[in-house]
Amino acid sequence: MTTLTLRPPPRFNLPRAVCSYGYFVLPPNRWDVATQALHRPLRTAGGRVVKVVVRQRADGVLVAACHRTVPRADHGALKNQLRRMLRLDEDLSAWHAAHAVAKTQRFDRMYRSPTLFEDVVKTITSCNVTWPNTISMNRLMVEHVGHGGFPTPEQLADFGEARLKERCRVGYRAQRIVRLARDVLAGSVDLAWFETPGRTSDELFEGFRSLYGIGPYAAGNLCHLVGVYDRLAIDTETYRHFCNTHKLTRPKASDAAGLKRLEKTISVHYGRYAPFQFLAYWFDLWQDYQARCGPAWRWDRDTDGASFTASKM
DNA sequence: GGTAGACCTGGACGC
DNA sequence: GCGTCCAGGTCTACC
């Protein structure tokens, strides 16, 4: 059994960092409320699944216990995945300066996946579907395709659309997921491009939009997942939350002009936090969830964690 | 540029 | 148990 250690930035808090974004509820992530530890299978460069349990010691250091001995050559790859998930390398001091309340609440590092590929697939499974169904799709993909870990592009490409639809109940998303996997393997989609420093927000947004199955909402969401926060990912949940909070009447789905005006109002409201609009929006939304269900690091995955959806809030 | 309909699933609801 | 309706974001065809 191998144990890895990582030194996080000052004031880093593992429960807050993990339980900061809905993807922490999606398999193969599992947050253990009793021990305040993250259980998460990762992959070595060779594709082998390594079950990892991450805890934070009293001195702040993160300890990742692997369920088996991992060759030293793979330590760096596992650590890099953990660094990405917890955004250990992001400098968010400007965000803290822009939002004093969020700083006090230690809301900054929004949880994400070990790879951008997984984040894109998870985003596709979150579109046009209720949250419990998103959880189910990810659980079935981990079970049937990834054999305990999140599926790789190779595994998804091999699995194929028909089986993905049938076994993992992803519906028409099967075509989008398998096409993404095959494009990544063929090299026609280079996900590393999106994580290269220096990309502008417009470049990233348009780049994500060019992926089949990624619309405006998904592209906005993916921008924050690569560390660019100046775009909102507006969906029905945004409408619900904003109208409730600001005592506005929510336009009907058929009222395109009303929805457009509402989007403008939302954009102006969060514009004061530029270039951190998404963080400010998510802070408000997350505070709202926690006001209803208690601290996120105490949520039960099968009850509280399964309840986010506009129609249930 | 704007709009309508199709895509697909799970859950709620009425019978 | 069965049928119907609904929520949800994106794509495509059409105006």
Side-chain angles (χ1 to χ4, degrees), chain A residues 21-23 25-27 117-145 151 156 159-184 188-189 194 204-225 231-244 249-264 266-267 278 281-282 285 288-289 292 301-313:
Chain A
Y21 189 61
Y23 287 6
V25 176
L26 298 180
F117 177 74
E118 181 176 332
D119 276 334
V120 179
V121 174
K122 278 184 158 53
T123 298
I124 292 173
T125 64
S126 74
C127 288
N128 199 27
V129 74
T130 55
W131 185 248
N133 201 357
T134 300
I135 296 175
S136 169
M137 290 179 201
N138 280 274
R139 179 175 54 77
L140 292 169
M141 282 196 290
V142 169
E143 282 176 16
H144 296 304
V145 190
L156 281 163
F159 206 74
E161 278 178 42
R163 277 206 297 163
L164 194 62
K165 186 187 283 192
E166 183 195 348
R167 303 286 293 278
C168 304
R169 318 302 296 163
V170 300
Y172 64 87
R173 298 163 198 82
Q175 185 191 12
R176 299 173 182 185
I177 293 168
V178 170
R179 183 160 158 183
L180 172 73
R182 291 184 174 154
D183 285 348
V184 167
S188 52
V189 167
F194 292 92
L204 289 168
F205 185 79
E206 290 309 318
F208 284 126
R209 284 287 282 118
S210 72
L211 304 179
Y212 180 68
I214 301 297
Y217 161 77
N221 194 57
L222 287 163
C223 281
H224 99 73
L225 287 165
R231 289 178 183 276
L232 297 171
I234 294 178
D235 62 359
T236 52
E237 180 62 350
T238 319
Y239 299 147
R240 178 203 69 77
H241 173 259
F242 194 85
C243 289
N244 280 359
T249 302
R250 181 175 163 184
K252 291 183 176 162
S254 57
D255 180 8
L259 290 173
K260 201 150 194 151
R261 281 196 299 276
L262 177 58
E263 285 186 20
K264 178 76 179 167
I266 295 170
S267 295
F278 192 97
Y281 158 59
W282 201 260
L285 186 67
D288 183 36
Y289 288 161
R292 295 162 191 272
R301 179 172 72 174
D302 298 327
T303 53
D304 307 312
S307 66
F308 329 115
T309 179
S311 62
K312 288 191 179 180
M313 285 293 187

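Just so it is clear: chains get the letters A, B, ... in the order the sequence lines come, proteins before strands, and each one is counted from 1. The structure presented is a predicted model; accordingly, all values stated were derived computationally and were not measured.
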Next on the checklist: Salt bridge check, A/R209 against A/E206: does any charged N sit closer than 4.0 Å to a carboxylate O?
Outcome noted: no
Next on the checklist: Below 30° counts as parallel, above 60° as perpendicular, anything between as tilted: where do the rings of A/Y21 and A/H224 land?
Outcome noted: perpendicular
Checklist outcome for this item: Separation of B/dG10 atom P from A/K165 atom NZ, nearest Å, is 13 Å
Next on the checklist: Please pick, from C/dG9, B/dG10, B/dG2, the nucleotide with the shortest atom-to-atom distance to any side-chain atom of A/R176.
Outcome noted: C/dG9
Checklist entry - Given atom CG of A/L180 and atom P of C/dC11, what is their separation to the nearest angstrom? => result 13 Å
Item to check | Length of the line joining A/L232:CG and C/dG9:C1', which is rounded to integer Å | outcome: 17 Å
Checklist entry - Between the side-chain atoms of A/Y217 and the base atoms of C/dG8, is any donor-acceptor pair under 3.5 Å? => result no
Item to check | Interatomic distance where CZ belongs to A/R169 and P belongs to C/dG8 [whole Å] | outcome: 21 Å
Next on the checklist: Does C/dC11 have its OP1 or OP2 closer than 4.0 Å to a side-chain nitrogen or oxygen of A/R209?
Outcome noted: yes
Checklist entry - What is the distance from CE of A/M137 to P of C/dG9, rounded to the nearest Å? => result 13 Å
Checklist entry - Is the A/F278 ring parallel, tilted or perpendicular to the A/W282 ring (thresholds 30°, 60°)? => result parallel
Checklist outcome for this item: Separation of C/dG9 atom C1' from A/Y239 atom OH, nearest Å, is 11 Å
Checklist entry - Below 4.0 angstrom from OP1 or OP2 of C/dG8, is there any side-chain N or O of A/T236? => result yes
Checklist entry - Could you state the CG-P distance from A/N128 to C/dT12, rounded to the nearest angstrom? => result 15 Å
Checklist entry - Base, sugar-phosphate alone, or nothing: which one does A/A218 contact when heavy atoms must sit under 4.0 Å apart? => result sugar-phosphate
Checklist outcome for this item: Heavy-atom nearest nucleotide on DNA chain C taken for A/I234 and for A/R179; more 5' hit belongs to A/I234
Item to check | Interatomic distance, A/I135 CD1 vs B/dG10 C1' [rounded to whole Å] | outcome: 13 Å
Checklist entry - If only side-chain N and O atoms of A/S136 are considered, is one of them under 4.0 Å from the OP1 or OP2 phosphate oxygen of B/dT9? => result no
Item to check | A/R173 or A/A257, whichever maps to the more 5' nucleotide of DNA chain B | outcome: A/A257
Checklist entry - With a 4.0 Å cut-off, would you call A/E118 and A/K122 a salt bridge? => result yes
Checklist entry - Between atom CZ of A/F242 and atom CD1 of A/I234, what is the distance when rounded to the nearest 0.5 Å? => result 9.0 Å
